[in-house]
Amino acid sequence: MNHAIRVHEHGGPEKLVWEELPKPEPKPGEVRIRQHAVGLNYIDVYFRTGLYKAPSMPVTIGMEGAGEVDAVGDGVTELKVGDRVAYAGALGAYAEYRCAPAEKLVKIPDGIDYTQAAAMMLQGMTAQFLVMRTYAVKKGDTILVHAAAGGVGSILVQWAKHLGATVIGVVSTAEKAALIRDLGADHALLTSDNIPAKVKEITGGAMLPVVYDSVGKDTFITSLDCLRPFGLMITYGNASGPVTTDLGVLAAKGSLYVTRPTLNTYTAKREDLVATANDLFAAVTSGAVRIAVNQTFPLKDAAEAHRALESRKTTGSTVLLP
Ligand code: NDP
């Protein structure tokens, strides 16, 4: 017996349907996973609404999960039944059982449980490449992180602090401001603040080398206004809608750079996936980064979890339990 949340037509959370399906059989190169925990991510909303298109419909949404290998397909040599595995970036996660290519999976180290693993693979590996590769954060940098109390945001704040940066976080409420101060943010700004003016004050007019922006449409121009000449705008998400601004604005605001990175590209090669995951596991087991699972929902109630995420009620990571 297997159950999954599927989307037959795009739309609101009510389009998430809990269905009984056959247990899938692994194809060559795949394993079947009995999932113990599934990560909730903003990308799941984009696949539900149709902003991002699945290859076919109906689709079992969800990109991230953790569980034990339950069956092994032909040609898989590195995994066996009973192995504890986790993944990010493989569509089809909102299910009790799923098959996934072995090359997309990593083994979960001892000391990390399934819930923690499902909470951190996608958001944590994203934070890793953002602070280590898209822009290598170093001691002395002052950086700005939007949605700093969110899943990716709260990991970014901690990781950048660990690397020695001064971190300015932006959040929508006083409660979230207190939360990010606890995570180590040096400055907690509110979305209602004049953010470029505050950044000017904090940096003594120097402004920032980099901004991490996952909000998209609503914050794009504000973010550019926080950068110094030649600064780097990292726009990595669309929580408020996609950015459509003309690139001429980069010239007007000081020969700025902009990048739109994805975890998919940064972990496309197996060696990059393994290195990124290992770096994340090390950051978590050393205590440099704490994964806060602040909400859990039964998987069948995924619609409720989507409502909470979209109405900005969640903080840290959220896990769905099959
Ligand atoms: P979050 O937990 O960060 O939730 C989204 C947060 O965005 C909210 O809590 C809210 O924080 C803020 N927000 C601002 N404007 C809006 C709005 N109009 N509607 C809803 N929320 C808004 O989610 P995730 O950690 O899962 O993802 C964060 C972002 O990172 C997403 O945009 C996601 O697409 C992106 N992402 C990109 C990846 C990549 O490879 N490029 C990989 C992983 C995530 P507040 O109330 O404080 O403003």
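Values in this document were obtained by computation on a predicted structure and should not be read as measured data. All values below were derived from every heavy atom in this structure, side-chain atoms included, with hydrogens, water molecules and symmetry-related copies excluded. Each ligand, and each atom within it, is numbered from 1 in the order the structure gives.
Taking the ring centre of Tyr114 as origin, the terminal cationic atom of Arg84 falls inside the region bounded by 6.0 Å and 45° from the ring axis. Figure legend: Lys104 and Tyr87 shown without cation-pi pairing, the cationic atom not lying both under 6.0 angstrom from the six-membered ring centre and within 45 degrees of its axis.
Closer than 4.0 angstrom to ligand 1 sit non-hydrogen atoms from Asn41, Tyr42, Tyr46, Leu122, Gln123, Thr126, Ala147, Gly150, Gly151, Val152, Val171, Ser172, Lys176, Ser214, Val215, Tyr236, Gly237, Asn238, Ala239, Ser240, Arg260, Pro261, Thr262, Leu263, Leu309, Glu310, Arg312.
Among pairs with a residue in residues 202-211, none fulfils salt bridge (Lys or Arg N to Asp or Glu O under 4.0 Å), at least two apart in sequence or across chains.
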Please tabulate, for the side chains in residues 178-191, all donor-acceptor contacts under 3.5 angstrom to protein atoms that are two or more places apart in sequence or on a different chain.
{"residue": "Asp186", "atom": "OD1", "partner": "Lys161", "partner atom": "NZ", "Å": "3.1"}
{"residue": "Asp186", "atom": "OD2", "partner": "Lys161", "partner atom": "NZ", "Å": "3.0"}
{"residue": "Asp186", "atom": "OD2", "partner": "Val167", "partner atom": "N", "Å": "2.7"}

For residues 70-78, dump all side-chain donor-acceptor pairs below 3.5 Å to protein atoms at least two apart in sequence or in another chain.
{"residue": "Asp70", "atom": "OD2", "partner": "Arg32", "partner atom": "NE", "Å": "2.4"}
{"residue": "Asp70", "atom": "OD2", "partner": "Arg32", "partner atom": "NH2", "Å": "2.9"}

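A side-chain N or O of His8 and one of Glu19 form a donor-acceptor pair less than 3.5 Å apart.
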